[in-house]
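So the structure is just underneath, and the comments pick up after that.
Atom set for the values below is all heavy atoms of this structure, side chains included, hydrogens, waters and symmetry mates excluded. Everything quoted here is computed from the prediction, not taken from an experiment. Counting convention: from 1, in listed order, for ligands and their atoms alike.
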Amino acid sequence: MAEGKDSSMRLWIGRVATVVGVAALVLFAGLGGSCLARWMREQPNSFSASAEPWGKLAANLEGWGKPDLTLVLTGEQHGYILPCGCSRPQVGGLERRQNFLKVLRSRGWAVAALDVGDIPQKGGPVNLGNEQGLIKYRYSMAALKEMGFHAVGFGAYEAGMGLFKVLGEYALNEPKPRVLSANLKDAADLYPEQTAPWEKVVVEGQPWKVGVTSVTGPKVAGAIQDKQVRFTPAADALKKVSAEMDAAGVELRVLLYQGYYTKAAPGQEPREVEALAKAFPEFQVILALSEEDEPSSQPVRIAQPGGGETVVVRVGHKGKHLGVLGLWKGKTLTQPTSKYALVQMSEDYLTPEGQEAENPVALLMERYTRELERDKYLERHPQVNHPFQAAEPESTPRYVGSDKCERCHQSAYKTWKESGHSHAYQTLVDAKNPSRRQFDPECIVCHTVGYGYKGGFLSQEKSANLVNVGCESCHGPGSEHLKNTGDATWHALMNPWKAKEGETADQKKARTLKADQFCQTCHDMDNDVTWTNDGFARKWPKVAHPTPEAEKNR
Ligand code: HEC
Ligand code: HEC
Ligand code: HEC
Ligand code: HEC
């Protein structure tokens, strides 16, 4: 699952440049005066380079030289705003993205940052619903604004939460970064002023007039259920936008494409991205969606008959990587040459210790957790039936807390008490950058007993006995077992991993796998990156608690 970690803040106000003038004048000399003036007014995000380069460049960018313009391309973040810090090394997160952009800008690179959309999540970790989808979307957009992103698309992830709500959460009040769609039907009526068909991208100190648009392809459009979110054919919309870009003298065109690249087999008609690239050769760059989490390290380059090429970039899921496309003036402005690097948001881009207050995104994350506490998000997630509660409605099993089990299961209790599970809540209390993680349901769900189930953890005040990963996190609510400790039905329910007598090797394997999979409801690939290579075999011995002979038949 999840998201994550990091800290505090100071806005970039001091660093935001005042250097709009000269460069922009040269840039847009081709435009009419009033148009130019407007173009310049629309530009809030100008970042100046500091004298000293900050941080180190990614290894795959070393030796590039300075591009005339650099496109930083992102997307499909799926709600992963920050690594949770559960294990190391985790990759991704908006704070590191901010640091990476700072590295580029500190070297005086002209940067345009664009995002294809699918920024929010479809649901919370484990079985949590999407109570935090909107607030995380809002903070993500605010973070993109701080980072100087110019425009973003949207896709099935945004539409899945209700596009009306999503746009109302941010774009209604904030024009930057601009939410783009050229083929959203009736956009001006349904979502007035909240989206635009295309946008000029103003970046000082580089030679192009840049324009960006976004369209939704048929596959994504078909997957969106919302009747208020309908699309006109992408090609029709692009034709119109392209004519407008011609009129505005745009030389470098970027298409954010909500759809996939599939290479047509010989004899087949090109589809989606390939078809658009061929029909609209004037778009030099297309940022498309990825089929997989881990993207290809190289873009697809589609040669155009008139010379030049269209570069198709995909950056994978969860914001683990971003695409960096360096552009140099070619023979003509409309046919630039380019280099591409896929950069992993690794720990190389962690905020240096003590500099958290200088990372505006880190400060936003701190505000995010504060808002979760203030608005009592812990109480917002509905409590559903635990499988025991659903199966045994008559007896309504309840959570009782680990301390109730100690009396009869002393050795199990001792093992547990000495394990990490018994202080999992304190871990959240102690967390820094951001702090207050004990108020974040998306952390609490794996660090306490029964959160999200009836009678499960709600808050330190209301359910102090259910802090930490307790006996009932694994064995389920224990009240019925306590009422009748000899009841074999409850023994079986509470220990589905118990070995049958005379177990065969195959049965043992299947049983072990079942336990392994259960652990991975929390120790999943996002949160516990160390569970790989038979993590269960290594980790179970650390928490195993077989009943000693002496404790049996009490
Ligand atoms: C899907 C379950 C899950 C969620 C959600 C989750 N965690 Fe964890 N967390 C774990 C597991 C499992 C571990 C232990 C990892 C290991 O074994 O190395 C852990 C460990 C940690 C640790 C390290 C503890 C230590 O001392 O080594 C921190 C810190 C932490 N989590 C913070 C968070 C925060 C903050 C959040 C919310 C953003 C969060 N966790 C959400 C499952 C989760
Ligand atoms: C009053 C004593 C008592 C208390 C309190 C108690 N148990 Fe038990 N428990 C037993 C007895 C007796 C058995 C059956 C013999 C055995 O396996 O030790 C048992 C068995 C179990 C088993 C194993 C079932 C099996 O067949 O493998 C689990 C799991 C278990 N208890 C969990 C808990 C949990 C969790 C709690 C606290 C919520 C708890 N027990 C509290 C007495 C108790
Ligand atoms: C309800 C969620 C949850 C489940 C289920 C769970 N764990 Fe954990 N586990 C955690 C959390 C959270 C931590 C981190 C505790 C902390 O804050 O230090 C953790 C820590 C650990 C640790 C100590 C850290 C380490 O990597 O050495 C071990 C070992 C471990 N778990 C093993 C297991 C095993 C084995 C299972 C399955 C039988 C399991 N866990 C099931 C949440 C869970
Ligand atoms: C991280 C998950 C986890 C936690 C936490 C946990 N257990 Fe277990 N427990 C298991 C698993 C898995 C088994 C089955 C192991 C087996 O039978 O091989 C088990 C088995 C047992 C058994 C049967 C042991 C036997 O020899 O038959 C008892 C009793 C028990 N647990 C009690 C407890 C009590 C009491 C606590 C809290 C103090 C606790 N467990 C905490 C996962 C957990």
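Of the listed options Trp416, Tyr413, Trp497, Trp497 places a heavy atom closest to atom 13 (C) of ligand 4. Residue Val469 holds the heavy atom nearest to atom 42 (C) of ligand 3 of all those in Thr448, Val469, Asn468, Asn527. Distances from atom 43 (C) of ligand 4 to the heavy atoms of Glu549, Lys498, His545 show the closest one on His545. The nearest non-hydrogen atom to atom 16 (C) of ligand 3, considering only Val126, Ile444, Thr427, comes from Thr427.
The closest approach between Arg511 and ligand 4 falls below 4.0 Å for a heavy atom of the residue. The shortest separation from a heavy atom of Ala431 to ligand 1 is not under 4.0 Å, leaving the residue out of contact. Within the 4.0 Å heavy-atom cutoff, Val543 does not count among the residues contacting ligand 4.
Of the charged side-chain nitrogens involved, none lies within less than 4.0 Å of a carboxylate oxygen, so that Glu356 and Lys432 do not count as a salt-bridged pair. Salt bridge absent: Glu131 and Arg380 never bring a charged side-chain N and a carboxylate O closer than 4.0 Å. Between Glu169 and Arg138, at least one side-chain N (NZ, or NE/NH1/NH2) sits under 4.0 Å from a carboxylate O, which counts as a salt bridge. Checked for salt-bridge contact, Glu480 and Lys483 meet the test: a charged N lies under 4.0 Å from a carboxylate O. Contact check on Glu406 versus Lys417 returns no salt bridge, with no Lys/Arg side-chain nitrogen under 4.0 Å from an Asp/Glu carboxylate oxygen.
No donor-acceptor pair closer than 3.5 Å links the side chain of Trp109 to the backbone N or O of Val103. A donor-acceptor distance shorter than 3.5 angstrom exists from the side chain of Asn60 to the backbone of Leu342, with no hydrogens or angles considered. Counting only distance, with no hydrogens or angles, the side chain of Asn465 and the backbone of Val400 share a donor-acceptor pair below 3.5 Å.
Applying the 4.0 Å criterion to heavy atoms of Cys446 picks out, from ligand 3, the atoms 1 (C), 2 (C), 12 (C), 42 (C). Atoms of ligand 4 found under 4.0 Å from any heavy atom of Cys405, numbered from 1 in the order shown, are 35 (C). Ligand 1 places these atoms under 4.0 Å from at least one heavy atom of Asp524: 1 (C). Of all atoms in ligand 4, listed by their number and element, those nearer than 4.0 Å to a heavy atom of Gly470 are 5 (C). Every atom of ligand 3 is numbered from 1 in the order shown, and the set under 4.0 Å from a heavy atom of Phe518 is 5 (C). Atoms of ligand 1 lying under 4.0 Å from any heavy atom of Leu428, numbered from 1 in the order shown and given with element: 32 (C), 33 (C), 34 (C), 35 (C).
The closest side-chain donor-acceptor pair between Lys500 and Gln507, if any, does not fall under 3.5 angstrom. Using modelled atom types, one finds a donor on one side chain and an acceptor on the other under 3.5 Å when comparing Gln132 with His381. With no hydrogens or angles considered, no side-chain donor-acceptor pair links Gln389 and Gln383 at under 3.5 Å. Side chain to side chain, Asp487 and Thr489 meet the donor-acceptor criterion of an N or O pair below 3.5 Å. Between the side chains of Asp516 and Trp540, no donor-acceptor pair is found at a separation under 3.5 Å. One side chain, Ser435 or Glu366, offers a donor N or O that lies under 3.5 Å from an acceptor on the other.
Counting heavy atoms closer than 4.0 Å to ligand 1, residue Asp526 contributes nothing at all. Of the heavy atoms in Asn495, only side-chain atoms (C-beta onward) come closer than 4.0 Å to ligand 4. Of all the heavy atoms of Lys539, the ones lying under 4.0 Å from any atom of ligand 3 are found in both the backbone and the side chain. If you look at Phe536 next to ligand 4, there are no close heavy atoms at all, none under 4.0 Å.
Cation-pi geometry between Arg97 and Phe100 is not met at under 6.0 angstrom from the ring centre and within 45 degrees of the axis. A cation-pi arrangement is present between Lys122 and Tyr157 under the rule of less than 6.0 angstrom and at most 45 degrees off the ring axis.
The N/O atoms of His447, backbone and side chain alike, include one that comes under 3.5 Å of an N/O atom in ligand 1. On a distance-only criterion, Asp528 and ligand 3 share no N/O pair closer than 3.5 Å. Annotation: Trp540 places no N or O atom under 3.5 Å from an N or O atom of ligand 3; distance criterion only. Residue His475 has at least one N or O atom closer than 3.5 Å to an N or O atom of ligand 4. Taking any N or O of Thr530, backbone or side chain, none lies under 3.5 Å from an N or O belonging to ligand 3.
Among the backbone and side-chain atoms of Cys443, none of the N, O or S atoms lies under 2.8 Å from atom 8 (Fe) of ligand 1. Within the coordination shell of atom 8 (Fe) of ligand 4, defined by N, O or S atoms under 2.8 Å, Cys471 is absent. Within the 2.8 Å limit, Cys86 places at least one N, O or S atom next to atom 8 (Fe) of ligand 1.
For atom 24 (C) of ligand 3, no protein non-hydrogen atom is found at a distance below 4.0 Å. For atom 19 (C) of ligand 3, the nearest protein heavy atom lies closer than 4.0 Å.
When Arg96, Gln90, Lys320, His321 are each tested for a side chain to side chain contact (heavy atoms under 4.5 Å, CB included) with Met345, only one passes: Arg96. Of the residues listed (Leu94, Leu350, Thr351), the one engaging Asn359 in a side chain to side chain contact (heavy atoms under 4.5 Å, CB included) is Thr351, and it is the only one.
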Legend entry - Audit row: Gln258, Glu158, side chain to side chain donor-acceptor pair (under 3.5 Å) steps and yes/no: CA-CA 12 Å; Gln258 273 287 336; Glu158 282 85 357; 5.3 Å; no
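Protein heavy atom closest to atom 1 (C) of ligand 4, with residue, atom name and distance, is Cys474 SG, 2.7 Å. Nearest protein heavy-atom contact of atom 27 (O) of ligand 4 is Thr547 OG1, 4.2 Å. Of all protein heavy atoms, the one closest to atom 15 (C) of ligand 3 is Gly420 O, 3.3 Å. Looking from atom 36 (C) of ligand 3 to the surrounding protein, the closest heavy atom is Cys519 SG, 2.8 Å. Regarding atom 5 (C) of ligand 3, its nearest protein heavy-atom neighbour is Cys522 SG, 3.6 Å.
Vertex atom 8 (Fe) of ligand 3; arms to His523 NE2 and His421 NE2; angle rounded to 10 degrees, 170°.
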